[in-house]
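Presented below is the structure to which this report refers.
Protein chains get the first letters and strands the later ones, always in sequence-line order, with residue 1 at the start of each. Fair warning: this is a prediction, and the values are worked out from it, not measured in the lab.
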Protein chains: 2
Amino acid sequence: MAAITTRPRTTVAELLRACRADLTPSELLVAQALLADYPAAGLQTVAGLASTAGVSAPTVVRLVAKLGFPGFATLQQRLRAELSARSAGPVELYPEPGPDGAVTPLLRRCQRTIGRAVTQSLRELDPVELDRAVALIADRDREVVLTGGRVSSTHAEYLARYLSLLRPGVRYLQPDRAVRDAALLDVGRRSTLVVFDYRRYDDEVVEFGREGVRRGGKVVLFTDRYLSPLASSATVLLTTVVEGPRPFLTLTPALAVVESIVLGVVEASGPRLRRRLESFDRLTAREPR
Amino acid sequence: MAAITTRPRTTVAELLRACRADLTPSELLVAQALLADYPAAGLQTVAGLASTAGVSAPTVVRLVAKLGFPGFATLQQRLRAELSARSAGPVELYPEPGPDGAVTPLLRRCQRTIGRAVTQSLRELDPVELDRAVALIADRDREVVLTGGRVSSTHAEYLARYLSLLRPGVRYLQPDRAVRDAALLDVGRRSTLVVFDYRRYDDEVVEFGREGVRRGGKVVLFTDRYLSPLASSATVLLTTVVEGPRPFLTLTPALAVVESIVLGVVEASGPRLRRRLESFDRLTAREPR
DNA sequence: CCCCGTGTGAAACATCTGTTACAAGCAGTG
DNA sequence: CACTGCTTGTAACAGATGTTTCACACGGGG
């Protein structure tokens, strides 16, 4: 991310269509080639684009100039910027233009995108990685500390609430600097840190994880496929698809993985857990409905 | 476009993730930069990518070689090919090699049950009911109060965090008797109560909802198909499948519905929201990474 | 018929790019 | 402490890239 993601007001494609009138025949060929495989065609070299359009390099350059760019490089920059804007934060791509005018019904879009994200994430989840996560979390000789970013911390809390039923030594840390710092004091070789960090990645969360590792802890990291900076320090990496109904990200797949882990911990814990759950039952079911 | 758009079996992104283990720290920086702004970052020059990653050009080249490409140009070709190949959305980008062969029973069961629960829940969700929920929640003349049971309250919190970005007058109530009682004092005709109550139903939550209705509030109730006792008092009823990998319940479908509502509220709010989000952006992006 | 404006490509050029070779820095080991 | 192996950046290099120049081809008007 970073850089100047100043979204240009008009896209290259729009420019192309607008100038269509005063282009020479050969230049039109270039424009067509450009739009036919947009934006990939524009990201090759001038010679490459010229050859796919069936014209010479100078023709491409002249078109570029006609569009108002100082050079081919600038056009490419613009193309890349458009590309980046598609997967940036909610605001950048907020307009939700609806390419073909008609906006698909809310529910239908959610069905498609979220449903797919969940199934795909579960399908692509590495079983070995999942087992390692379960092992680190189920181990009763380790304490488990959970936290996450401003939004994803609710996932941490969700997991924490389940885990508290399943074993002792579970701590959820609110997304707060002071809380996390204090907790770090007790982090050591026997600590499992479960961290949720999705785009945009949270510096404080990353720093928490890094410091935890420095103190000997192991990190189970939930993140998206673009990997939080903390990924390099993580012992176990659990990635999920986050592309939801535009312009939003979805954390539903992440929750699916969380629940998978809960089940894994249950199964790893054996009969001792059964007694624990029964005991909990007696506590909560004091007044039967 | 011409040529053969033979989709490579594995994407660059996948390669990157696969090689994560044997990359040096600096190379990891490059990998992150690449994935963080995929695929645009990889379509600049080597020097450009190096500078956004904060390393030198040779490091980039070494990473490229490690991935198995004969040169940077080849990698870019691949990137462009991926770009051209995708027509059905960003998710398609990851065609999924699929861990062929054995999948852990644990994972397989979660895939089946959770995946099905999500798709089924979304499929069976009544669009009209969803719209009514969105209307009640998006209405700026109403305040929104959210709460839930011991486990499901994290869903309430999740929704609350998003809503706070989208509009004023959002309050999340912890699953605590005293907190809820205090909040009830301010509940009136202008209140929308968003309540999560799944088996086993929580008396305190139900009582909170009922009292809210008595005071003139309207209730949007998230519950399972067996219906919380509060259902009879609810204005809008959103039910989801909860049958997960036995013996557990899953609240993943509920989160899918929550996210659908967030999207609905965004779309119902129009351009005013855009300014609000931009303003928020400026707040959070004070220290660029 | 010649002239002239326009559109276009071949070739030459200067620059920038990717790449390679090498040396400095650093951590761990004997 | 020297040595070894590994990372990483600096500097030099060869080749490719974008750009410019110029000449040719074409077509319509004097």
Side-chain angles (χ1 to χ4, degrees), chain A residues 3 12 15-16 19-34 37 39-81 210 213-216 227 229 231-233, chain B residues 2-3 12 15-16 19-34 37 39-81 83:
Chain A
V12 173
L15 266 176
L16 238 23
C19 293
R20 198 160 20 107
D22 35 30
L23 294 185
T24 71
S26 300
E27 287 166 357
L28 244 161
L29 285 177
V30 179
Q32 268 174 330
L34 214 41
D37 186 16
L43 291 165
Q44 358 171 27
T45 64
V46 168
L49 177 56
S51 105
T52 69
V55 301
S56 70
T59 303
V60 172
V61 174
R62 280 189 285 263
L63 170 65
V64 171
K66 226 174 218 174
L67 291 178
F69 293 99
F72 190 71
T74 316
L75 181 144
Q76 286 195 325
Q77 266 178 263
R78 186 83 144 248
L79 244 26
R80 283 198 304 270
R210 291 216 173 113
V213 170
R214 264 181 234 120
R215 289 166 178 267
L227 297 188
S232 49
S233 314
Chain B
V12 174
L15 268 177
L16 240 23
C19 292
R20 188 178 64 94
D22 33 35
L23 294 185
T24 69
S26 299
E27 286 166 357
L28 243 157
L29 286 176
V30 179
Q32 268 173 20
L34 245 151
D37 187 13
L43 291 164
Q44 359 171 23
T45 64
V46 167
L49 177 56
S51 104
T52 67
V55 301
S56 70
T59 302
V60 173
V61 175
R62 279 189 286 261
L63 171 65
V64 171
K66 227 175 217 175
L67 291 179
F69 293 99
F72 190 72
T74 316
L75 181 144
Q76 285 195 325
Q77 266 177 263
R78 185 83 144 249
L79 245 25
R80 284 197 305 270
L83 207 52

Tell me the interatomic distance from [X], atom [atom1], to [N], atom [atom2], rounded to whole angstroms.
X      : N       : atom1 : atom2 : value
L49(B) : dT17(C) : CG    : C1'   : 14 Å
L23(A) : dT8(C)  : CG    : P     : 10 Å
L29(B) : dT8(D)  : CG    : P     : 8 Å
L63(A) : dG18(D) : CG    : C1'   : 15 Å
E27(B) : dT8(D)  : CD    : P     : 6 Å
K66(A) : dT8(C)  : NZ    : C1'   : 12 Å
F69(B) : dG18(C) : CZ    : P     : 15 Å
Q77(A) : dG18(D) : CD    : C1'   : 14 Å

Side chain of [X], heavy atoms from C-beta onward: which of [options] has the nearest atom to it?
X      : options                   : answer
V55(B) : dT19(D), dT19(C), dG9(D)  : dG9(D)
V46(A) : dG18(D), dT19(C), dT17(C) : dG18(D)
T24(B) : dT7(D), dG18(C), dG18(D)  : dT7(D)
P58(A) : dT7(D), dT8(C), dT20(D)   : dT20(D)

Quick one: which of T59(A), L63(A), V60(A) gives a side chain to side chain contact (heavy atoms under 4.5 Å, CB included) with S26(A)? T59(A)
I want to confirm an ordering. Mapping R62(B) and A47(B) to their closest nucleotides on DNA chain C, which one lands closer to the 5' end? A47(B)
Heavy-atom distance under 4.5 Å between the side chains of R214(A) and R210(A), does that happen here? yes
Taking only the side-chain nitrogens and oxygens of [X], find out if one of them lies under 4.0 Å from OP1 or OP2 of [N].
X      : N       : result
T59(B) : dT7(D)  : no
S56(A) : dA10(C) : no
S26(B) : dT8(D)  : yes

How long is the span from the CG atom in D37(B) to the OG1 atom in T52(B), to the nearest 0.5 Å? 8.0 Å
Main-chain N/O of L29(B) paired with Q32(B) side-chain donor or acceptor, under 3.5 Å: no
Measure from the side-chain N and O atoms of Q76(A) to the backbone N and O of G42(A), and report whether any donor-acceptor pair falls under 3.5 Å. yes
